[in-house]
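Let me begin by presenting the structure, written as structure tokens, before commenting on it.
All values below were derived from every heavy atom in this structure, side-chain atoms included, with hydrogens, water molecules and symmetry-related copies excluded. Counting starts at 1 for both ligands and their atoms, in listed order. Keep in mind it's a predicted model, so treat the numbers as computed, not measured.
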Amino acid sequence: MKDQWKWGTDNDYWVRTCAWSAPGCHPVGCGLKLHVVDNKLVNVDGDEEHPVTNGRLCVRCLTLPEYLNHPQRITTPLKRAGERGENKWEPITWDDALDLIAEKAREIQGKYGMDSIVVIQGTGRQAALYAPPLAFGVFRTSTTLMGISGYSCYGPRCAVAEFVFGTGYPELDFASYFPDSYDHPGYEVPKYIISWGKMPLTSNGDGFFGHSLIDLMKRGSKIITIDPRITWLGAHADTAIRLRPGTDAALALAFLNVIIDEDLYDHDFVDKWCYGFDQFAERCREYPPSRAAEICEIPEHLIYRVARQFATNKPSSLMWGLTFDQTTTGGQASHAALAMLAICGYVDVPGGVTVGQPSTFLGKWRVDTRSNLAPGQFENRLGAKNFPAADRSQWVCNPDITLECLETDEPIKLRMAVLQSTNIISPTNNVQPQRWYAGLKKMEFTVCRDLFLTPTAVALADVFLPVATFPELDGVVLPHYGRNPFFVAAINKAIDNPGVRSDIEFCIQLGKRLNPDAWDYKDAVDFFDRQLHASYDFGFDELRHMGVYQGEYTYKKYEKGLSRGDGKPGFNTPSGRIELYSLLYPMWGEDPLPYYHEPYYSKYSHPELAEEYPLILTTGGRKYTSFHSEHRMIASLREIDPWAKVTIHPADAEKYGIQNGDWVTIENWLGKCQMKAWVSEVIKEGVVHCEHGWWYPEQEGAEPNLFGVWKSNVNLLLPHFCVNPLGFGSIYKEMMCKIYKAQGLDG
Ligand SMILES: Nc1nc2c(c(=O)[nH]1)N[C@H]1C(S)=C(S)[C@@H](COP(=O)(O)OP(=O)(O)OC[C@H]3O[C@@H](n4cnc5c(=O)[nH]c(N)nc54)[C@H](O)[C@@H]3O)O[C@H]1N2
Ligand SMILES: Nc1nc2c(c(=O)[nH]1)N[C@H]1C(S)=C(S)[C@@H](COP(=O)(O)OP(=O)(O)OC[C@H]3O[C@@H](n4cnc5c(=O)[nH]c(N)nc54)[C@H](O)[C@@H]3O)O[C@H]1N2
Ligand code: SF4
Ligand SMILES: [Mo]
């Protein structure tokens, strides 16, 4: 990139930066040029110099000026003036707000113990990176978590990769490690890419730049999608397999069955680097394509076709999405999908998947913040002993057990909450949001850090602290939160907004009040400068000028002794190899080999429910116009997506007397909600897809309406429990429901 990050005059200038949050996105770090006039963001351009994104931006970044300058945005701290839920507030200064929080924290921890403060985060915005350090290092509580049942976002995939590969997150190799990108000598374009339970163009999950798939398609990659819907990518794919939700493990095992049976696998790699192949092959034999075709409700010939294409066109690759975290045997599907990559020899090779060389940058510091806890406090955090497998890979509290604790006050009393980047009662972070709402109402004091008064803030907060958007802060973007860091990139402050603070500034400023020894940083720049110097030979100012720093990537690290801590060749697993047969799983009561089980709720596992609830409900496919519950107040985005939408197949619509554009109720034994019907053949017959994250900022904010948060809340229909013995996974993507015509949004 150009060695220039700011140009123009004092009042009219451009700043080059890389995006993260707020507003929400994952750490993709897309390159932007921000035009600022009189300290106000007036325009946004893509940065064509950015080595990965080359000037491409989605609509959410293009509407940033509307977001930053929105009249409903809060830019001064607020203290509750009326009762909780009345939506009455008075402004206070930052100093008063921070003093009050420190005083309440001391008082509550004095009465109920250090762990009585719970810090809850949402998905991978910047706040997520700094939430555990906020808990451990500032409040010295071990009670911190993302409030998502079964850790069912990213955590399960990372855990399976850690257990069977001994690596960070395996990601499609899109040449993102290299300044010369696809032209890098030695890089290869994948021949086939399976996009599985994922819609990467819209989601850009965890740092993968979705639009790279278009680059790769232009360079010859062919796409296979596996999804109950035909997504845009599916419509441009070589093959789109439209399967019954929740049956992915059966499909993966059938692909493996063909690859093994037809001897299409990489014998050399399997012999040298895989563990347990014989038992694994035996298991795969139980899943012939005919059986999987019946389970998945797909044509059998597609299983042969895709298995052969994937195994024989080298290199090919695979992207695994959120579905693997949110279905009954999603963990087994993950194991099987990773095994497909392994036995075909696509791990850590050009054009296959890159496996993380976990970054020490911020990683070490984040672990070190645990040292602020008393002995035993971390080890005994909520739920750690219940699920040792989850405990081994997640260093936060178990979400399902924390909800029970909020409800029962057992084993500890939680009495103060810090909600940092989560609109927890909206139909996002959590299923059963009404239970979180009731549990969190019991707090004596709650702090909410957000940008707008959300339903969560109105219902629960005593103090509201406004958050800086990324054009208003200095920071660093770290793709995959360090688990597969293609680069580190600078977020450069373009606008001075003294009323708002970034998440790390909040940590530093409150840290100075509650635990000063751990927070001797002057400000965010000082923090990043020192953290960068600890891992690289440059600091923050140099990073500003570089824009993006891409380290080096070494392929085939397992041959060179770079994949294990001890310097020996192999993988960082108990056997030293990729474990097709897991040596860890039996220790935790899990089958060492992948398997398929019928979804927890389905017409086969619960036939008694099928008559009343004949449709399969899947939820939460991402859209360009929102990030979870964010962006509902942005007029240009609402113009594109004005209402919550349920997609239904024309044959089903006819059966239930529903026309395109009708308001409908989606209902099951747990709850109901209203959405507008989109009747379309993109969805498999018998399945409906509901959007998540809907609330209506234009409506009354005070309770009980809370911006209409209960009206289109599909999470009222989803259960709150974890689906496998490892302690991971929930079922957001495979439920049962019925659907019928409604009068409007209110039913
Ligand atoms: N614009 C935008 N981007 C986002 C987010 C956002 O809210 N908005 N959220 C971010 C977050 S936190 C995450 S975790 C990522 C998630 O991003 P992805 O991993 O891409 O997941 P989804 O977008 O949920 O896409 C899931 C796809 O799986 C399909 N699907 C549903 N059920 C099944 C099933 O049983 N089997 C299979 N094979 N497919 C199924 C859906 O139809 C959908 O197309 O996106 C991130 N990026
Ligand atoms: N039915 C269904 N439900 C789902 C899903 C699904 O697929 N289906 N997906 C689930 C998944 S994978 C996830 S990860 C969760 C996500 O759930 P959450 O991450 O809780 O998402 P939001 O409800 O958008 O709440 C995030 C809040 O953080 C604020 N925010 C944005 N940027 C920042 C920042 O930088 N700092 C701070 N402090 N705040 C910020 C936003 O304004 C917003 O109000 O939703 C889950 N819910
Ligand atoms: S993925 Fe889209 S919304 Fe996210 S930072 Fe990049 S351009 Fe912005
Ligand atoms: Mo997520």
Region of [X] that comes within reach of ligand 1 [heavy atoms, distance under 4.0 Å]:
| X | value |
| --- | --- |
| Thr202 | backbone |
| Leu322 | both |
| Tyr154 | neither |
| Ser203 | both |

Does [X] have more than 12 heavy atoms from other residues, nucleotides or ligands lying within 6.0 Å of its [atom1]?
| X | atom1 | result |
| --- | --- | --- |
| Glu294 | CD | no |
| Lys684 | NZ | yes |
| Gln699 | CD | yes |

Under 4.0 Å to a heavy atom of His26 - the qualifying atoms of ligand 1, by number: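 Within the 4.0 Å cut-off of His26, ligand 1 contributes 10 (C), 11 (C), 12 (S), 13 (C), 46 (C).
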Got the closest protein heavy atom to atom 25 (O) of ligand 1, with its distance?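 Checking every protein heavy atom, the shortest distance to atom 25 (O) of ligand 1 gives Met199 CG, 3.4 Å.
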Any Gln121 heavy atom less than 4.0 Å from ligand 2: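 Checking ligand 2 against Gln121, which is what was asked, there is no heavy-atom contact under 4.0 Å.
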Contact between Leu718 and ligand 2, counting heavy atoms under 4.0 Å?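 Judged by the 4.0 Å heavy-atom criterion, Leu718 does count as contacting ligand 2.
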Please indicate whether any nitrogen or oxygen in Asn423 is less than 3.5 Å from any nitrogen or oxygen in ligand 2.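 Between Asn423 and ligand 2 (N or O atoms, distance only) the closest approach is under 3.5 Å.
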Test your reading of the structure: does Tyr67 have an N or O sitting under 3.5 Å from an N or O of ligand 2?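 No, Tyr67 has no N/O under 3.5 Å of an N/O on ligand 2.
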